[in-house]
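What follows is one structure encoded as structure tokens, with my remarks underneath.
All ligand and atom numbering here is 1-based and tracks the order in the structure.
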Amino acid sequence: MKRIVNIIGAGLAGCEAAYQLSKKGILVNLYEVKRLRRNSVQNLDSFAELVCSNSLRSDDIKNAVGTLKEEMRNLDSLIIRAAEANKLPAGGSLAVDRDNFSNFITKQIEEDPNITIINEEVTKIDTSLPTIIASGPLTTSSLQDEIQKIIGKDYFYFYDAVAPIVKKESINMKIAFKKNRYEKGETQDYINCPMNEEQYNLFYQELINAQVAESHLENDKKLKYFEGCMPIEAMAKRGYKTMLFGPLKPAGLRNFDGTNNFGVVQLRQDNAKDDLYNLVGFQTNLKWPEQKRVFQLIPGLEKAEFVRYGVMHLNNFINAPKIINHHLQMKICENIFFAGQITGVEGYVESAATGIIAARNMTNFLTDRPMVKMPNTTVIGGLINYIITTSSQNFQPMKANWSVVASLPLNLAKSRKEDKKQSYSQRAIQDIKKILNNF
Ligand SMILES: Cc1cc2nc3c(=O)[nH]c(=O)nc-3n(C[C@H](O)[C@H](O)[C@H](O)COP(=O)(O)OP(=O)(O)OC[C@H]3O[C@@H](n4cnc5c(N)ncnc54)[C@H](O)[C@@H]3O)c2cc1C
């Protein structure tokens, strides 16, 4: 008997998943709303539209997203094949002609006899039917309501105000110090970057004059910021001292020699491995190069390596640690899988990659074969592991980076930084090849 899977959304993840299921002989009903009604960032009727940048970022395997692409090539990714066929010169990055890229994928999907395209807005989900929800960061509001009914209201997020994350090893601990405010608690959980008045003045001036990113969405411009997640630059513009009563409050954070600071930036642990820290209260709409330039003025962060920059735009994602397992399958409803940005990964490549994993595991689920947990030594495995095991309380989307991947064995971990990246990459690609037979 032919099995059928419903996929909601013909974006990067949905198209990738449809292609992967079809290859295994599974029939797909692919639902897409954009030909009836586009959202405010869509410009094309074709599928897998890149709504913003036309770059799929680095193609260098020493970079985690470069290795992720190589893993996807091994898994026969339609999205990566389409990108390579429509590549534009962009140095070490994989940039594409966005129209040709989207047309290439649409043609593949439209000509596939196993895939039926249904130009419809999905507003109801029948949980007795195998379904992959890949409706993306801008899921329509009726479907948002429906997903909330299935997963629980508290586990679905609408608005994304994300603070940057830096690698712990790149923080200068000769300047920064570990301490909790008023020394509360038994452990010292926060890393504190102290500022004197002169340093604060410079930071303040650069921050209020830094370039802000264009809003991607008309709606964003209308959205009033919640007081609790106001961009740091907007807060600074309210007045010279406003930040000193907010995220940069120095009270309770004296230096160990008892002296006071003018302002203190706090960083909080972001992952269980304890190698990533987020800048507390630093959600921001600054352009990414501006974030690097201005936030590196913070004493202790001069050489900070940013694994994620802050963003502020509408974004729907589920609380993955609560809702899904390693196979991207809902914990409480085994017919439902999630793929794409809605799972809490961030980025074009990451979204497409989860489409492959959801589809391959859905295939195994429907054919009574064991599902596959991607090894944490691979970038896709590390990323999935991050989204499902990180703290559900402060869950925020994550892009590919080496910190989410399992540490290297001690003998390799001590090698030079560039050699380490090479080792991470080689191990990831070897390990992806090992699981190909099960997929
Ligand atoms: C404004 C914005 C800009 C971004 N810019 C970048 C960037 O520059 N680089 C980057 O790497 N990442 C970027 N991202 C993040 C993310 O990588 C992309 O959004 C990516 O397209 C996500 O892939 P996806 O398959 O999860 O969702 P999408 O590609 O958005 O696909 C989801 C599809 O589902 C459809 N859909 C929604 N609701 C329904 C429904 N009820 N019924 C049927 N169909 C439905 C949508 O029309 C859409 O076609 C951006 C995100 C946003 C919101």
Side-chain angles (χ1 to χ4, degrees), residues 6-19 29-58 65 68-69 78-79 83 93-96 98 101-102 105-106 109 117-125 131-147 157-160 162 213-221 285 287-288 308-309 311-318 328 338-356 358-359 383 397-400:
N6 292 330
I7 298 181
I8 309 173
L12 294 166
C15 288
E16 185 71 73
Y19 168 74
N29 289 327
L30 179 60
Y31 290 84
E32 173 54 58
V33 63
K34 71 186 313 199
R35 288 175 174 167
L36 306 180
R37 202 178 72 242
R38 291 182 189 160
N39 66 34
S40 56
V41 289
Q42 289 171 332
N43 290 305
L44 308 173
D45 275 342
S46 47
F47 301 154
E49 180 173 352
L50 304 178
V51 292
C52 187
S53 155
N54 68 333
S55 170
L56 275 67
R57 318 207 306 278
S58 174
V65 77
L68 178 58
K69 290 189 191 75
L78 170 63
I79 300 299
S93 296
L94 181 55
V96 302
R98 73 178 74 230
F101 168 81
S102 171
I105 294 163
T106 308
I109 297 287
I117 295 163
I118 303 173
N119 293 306
E120 227 176 68
E121 176 184 5
V122 175
T123 55
K124 290 274 169 275
I125 298 171
T131 303
I132 298 180
I133 302 176
S135 47
L138 304 174
T139 295
T140 61
S141 56
S142 343
L143 183 57
Q144 287 177 24
D145 294 343
E146 179 69 1
I147 295 172
Y157 302 125
F158 304 92
Y159 192 68
D160 191 7
V162 177
E214 287 278 309
S215 176
H216 293 297
L217 293 171
E218 274 307 302
N219 285 348
D220 272 10
K221 292 176 190 155
N285 207 21
K287 288 186 171 172
W288 289 5
R308 183 186 74 196
Y309 287 101
V311 288
M312 300 210 61
H313 58 64
L314 275 178
N315 193 6
N316 298 151
F317 59 97
I318 57 170
L328 302 179
F338 282 87
Q341 181 105 355
I342 199 164
T343 62
V345 297
E346 165 87 29
Y348 296 148
V349 186
E350 293 83 344
S351 296
T354 58
I356 305 179
L383 201 53
M398 180 53 85
K399 63 187 175 82

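Just one residue in the list N316, N315, T354 forms a side-chain contact (heavy atoms from CB on, under 4.5 Å) with Q341, and that residue is N315.
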TODO: Evaluate the side chain to side chain contact (heavy atoms under 4.5 Å, CB included) criterion for residues S135 and I147: first the C-alpha distance (whole Å), next the side-chain angles of each, then the deciding distance (0.1 Å), finally the verdict.
DONE: CA-CA 10 Å; S135 47; I147 295 172; 4.2 Å; yes
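In this comparison of T354, V33, L12, the heavy atom closest to atom 45 (C) of ligand 1 sits on V33. For atom 37 (C) of ligand 1, the nearest non-hydrogen atom from the set S135, G14, G9 belongs to S135.
Close contacts of ligand 1 with A13, meaning ligand atoms under 4.0 Å from a residue heavy atom, involve 25 (O).
Between G340 and ligand 1, a contact under 3.5 Å exists for no N or O pair. The shortest N or O to N or O distance between V122 and ligand 1 is under 3.5 Å. Considering backbone and side-chain atoms alike, Q341 places an N or O below 3.5 Å from some N or O of ligand 1. At a 3.5 angstrom cut-off on N or O pairs, E121 does not count as close to ligand 1. Considering backbone and side-chain N/O of E346, none are found under 3.5 Å from N/O of ligand 1. Polar contact with ligand 1: absent for N39 (N/O pair, distance under 3.5 Å). For a threshold of 3.5 Å applied to N or O pairs, the pair formed by E32 and ligand 1 contains at least one separation below that value.
At a 4.0 Å cut-off, not a single heavy atom of N315 sits close enough to ligand 1 to count as contact. Within the 4.0 Å heavy-atom cutoff, E120 counts among the residues contacting ligand 1. For the ligand labelled ligand 1, residue E350 lies outside the 4.0 Å heavy-atom shell.
Partners of Y309 by ring pair (Phe, Tyr, Trp, His ring centres under 6.0 Å), not counting sequence neighbours, listed by chain and number: W288, F306.
Only backbone heavy atoms of A134 (N, CA, C or O) come within less than 4.0 Å of ligand 1; its side chain stays farther off.
Counting only heavy atoms from C-beta outward, the side chains of V65 and L56 never approach each other to under 4.5 Å.
The residues R37 and E121 are annotated as salt-bridged, a charged nitrogen and a carboxylate oxygen being separated by less than 4.0 angstrom. The residues E350 and K399 are annotated as not salt-bridged, no charged nitrogen and carboxylate oxygen being separated by less than 4.0 angstrom.
Separation of atoms CG (L143) and CG (L138) is listed at 12.0 Å; rounding is to 0.5 Å.
For the residue pair S142 and T123, the shortest heavy atom distance occurs at CB-CG2, 3.6 Å.
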Show me the donor-acceptor pairs within less than 3.5 Å that the side chains of residues 41-48 make with the rest of the protein, sequence neighbours left out.
from, atom 1, to, atom 2, distance (Å)
Q42, OE1, N39, N, 2.9
D45, OD1, R38, NH2, 3.3
S46, OG, S102, OG, 2.6

